[in-house]
Amino acid sequence: MSKVLNTVKAQRQREKRAWQREQHEIYAEVRARANGLCEACHLPPDWRGLSIHHLEMRKMGGSKRVYQSSALQALCGRCHGNMHRLVEK
């Protein structure tokens, strides 16, 4: 039984690593698309840099797993905070 559990656990770890690599590639694509500018205000980011924003936020029903770069935006700290404040109101 223990051998079966270890095999299942190893498979899950491999799947998780593969998923993390895929997410890294998608996030890199979003950052490249932004070309160093915020995709909302089109200005260079402040000291916080660019962060990746889910267009459909997870707490509003969006998924942690995003399969397309079109579901994400690269936003500066100001715009990212503003997006979250708008949704919370």
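Everything quoted here is computed from the prediction, not taken from an experiment.
- Checked against side chain to side chain contact (heavy atoms under 4.5 Å, CB included), Ala32 has no partners two or more places apart in sequence or in another chain.
- Summarising the geometry, atom CD belonging to Gln23 is positioned 12.5 Å from atom CZ belonging to Arg21; distances are rounded to the nearest 0.5 Å.
- In terms of heavy-atom proximity, Gly77 sits nearest to Asp46 at N-OD1, 3.9 Å.
- Considering all non-hydrogen atoms of both residues, Ala74 and Ala34 come closest at CB-CB, 3.7 Å.
- Listed by chain and residue number, Gln11 satisfy the side-chain hydrogen bond (donor to acceptor under 3.5 Å, both in side chains) test with Arg14 (two or more places apart in sequence, or in another chain).
- In this structure, Ile52 is not a member of the same hydrophobic cluster as Leu50, with clusters built from ILVMFWY side-chain heavy atoms closer than 4.5 Å.
- Evaluation of the side-chain hydrogen bond (donor to acceptor under 3.5 Å, both in side chains) rule for Gln20 yields no partner, not counting sequence neighbours.
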Original post:
What do the steps show when you test Cys38 against Leu43 for side-chain contact (heavy atoms from CB on, under 4.5 Å), and what is the final call?
Top reply: CA-CA 6 Å; Cys38 173; Leu43 296 173; 5.5 Å; no

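- Once rounded to the nearest 0.5 Å, the distance linking CG of Asn82 with SG of Cys76 reads 8.0 Å.
- Judged as a side-chain hydrogen bond (donor to acceptor under 3.5 Å, both in side chains), and not counting sequence neighbours, Gln73 has no contacts.
- Judged as a salt bridge (Lys or Arg N to Asp or Glu O under 4.0 Å), the pairs with a partner in residues 27-36 (not counting sequence neighbours) are, in order, Arg33-Glu39.
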**OP:** Could you walk me through whether His54 and Leu72 pass the side-chain contact (heavy atoms from CB on, under 4.5 Å) test, one step at a time?
**Re:** CA-CA 5 Å; His54 290 77; Leu72 302 168; 3.7 Å; yes

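- Here Arg78 pairs with nothing under the side-chain hydrogen bond (donor to acceptor under 3.5 Å, both in side chains) rule; sequence neighbours left out.
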